[in-house]
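The model shown is predicted, which means the values in this text are computed figures rather than measured ones.
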Amino acid sequence: MAHHENVPVVRPITDTDIPTSVDTLARAFADYPFTRHVIAEKSHEERVRRFQEV
């Protein structure tokens, strides 16, 4: 199979990918209405980050 430029490579996540993935998901969902509704306001961003670690 040929590799083309500008085409993302999809692969299974590894342990070394987890911190970056957690950060990305935490930023993506920090202001999501459902997340705002179910995760407490106090220390919200840290709580969202810990939730994504699960």
Visitor: Which residue pairs pass the ring pair (Phe, Tyr, Trp, His ring centres under 6.0 Å) test when at least one of the two sits in residues 5-41, sequence neighbours left out?
Guide: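 Qualifying pairs: Phe29-Tyr32.
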Visitor: Connecting only ILVMFWY residues whose side-chain heavy atoms lie within less than 4.5 Å of each other, what is the rest of Val22's hydrophobic cluster?
Guide: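 Once heavy-atom contacts under 4.5 Å are chained together, Val22 belongs with Ile13, Ile18.
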Visitor: Only counting residues at least two apart or in another chain, list the ones meeting side-chain contact (heavy atoms from CB on, under 4.5 Å) with Thr20.
Guide: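 side-chain contact (heavy atoms from CB on, under 4.5 Å) list for Thr20, sorted by chain: Thr24.
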Visitor: How many angstroms lie between atom CZ of Arg50 and atom CD1 of Ile39, to the nearest 0.5 angstrom?
Guide: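 Rounded to the nearest 0.5 Å, the CZ-CD1 separation comes out at 9.5 Å.
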Visitor: Output all residues satisfying salt bridge (charged side-chain N to carboxylate O under 4.0 Å, His left out) with Arg27, sequence neighbours left out; order by chain, then residue number.
Guide: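 Expected list: none.
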Visitor: What residues form a salt bridge (charged side-chain N to carboxylate O under 4.0 Å, His left out) with Glu45, not counting sequence neighbours?
Guide: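 If we apply the salt bridge (charged side-chain N to carboxylate O under 4.0 Å, His left out) test to Glu45, skipping adjacent residues, there are no hits.
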Visitor: Would you confirm whether His44, through its side chain, and Ala30, through its main-chain N or O, come within 3.5 Å as a donor-acceptor pair?
Guide: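 Flag set: sc His44 to bb Ala30 pair under 3.5 Å.
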Visitor: Got a sec, which residues hit salt bridge (charged side-chain N to carboxylate O under 4.0 Å, His left out) with Arg49, two or more places apart in sequence or on another chain?
Guide: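 With neighbours one apart ignored, the set is Asp23, Glu53.
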Visitor: Compare every heavy atom of Lys42 with every heavy atom of Arg47, then report the nearest pair and how far apart it is.
Guide: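 Closest pair (atom of Arg47, atom of Lys42, distance): NE-O, 2.6 Å.
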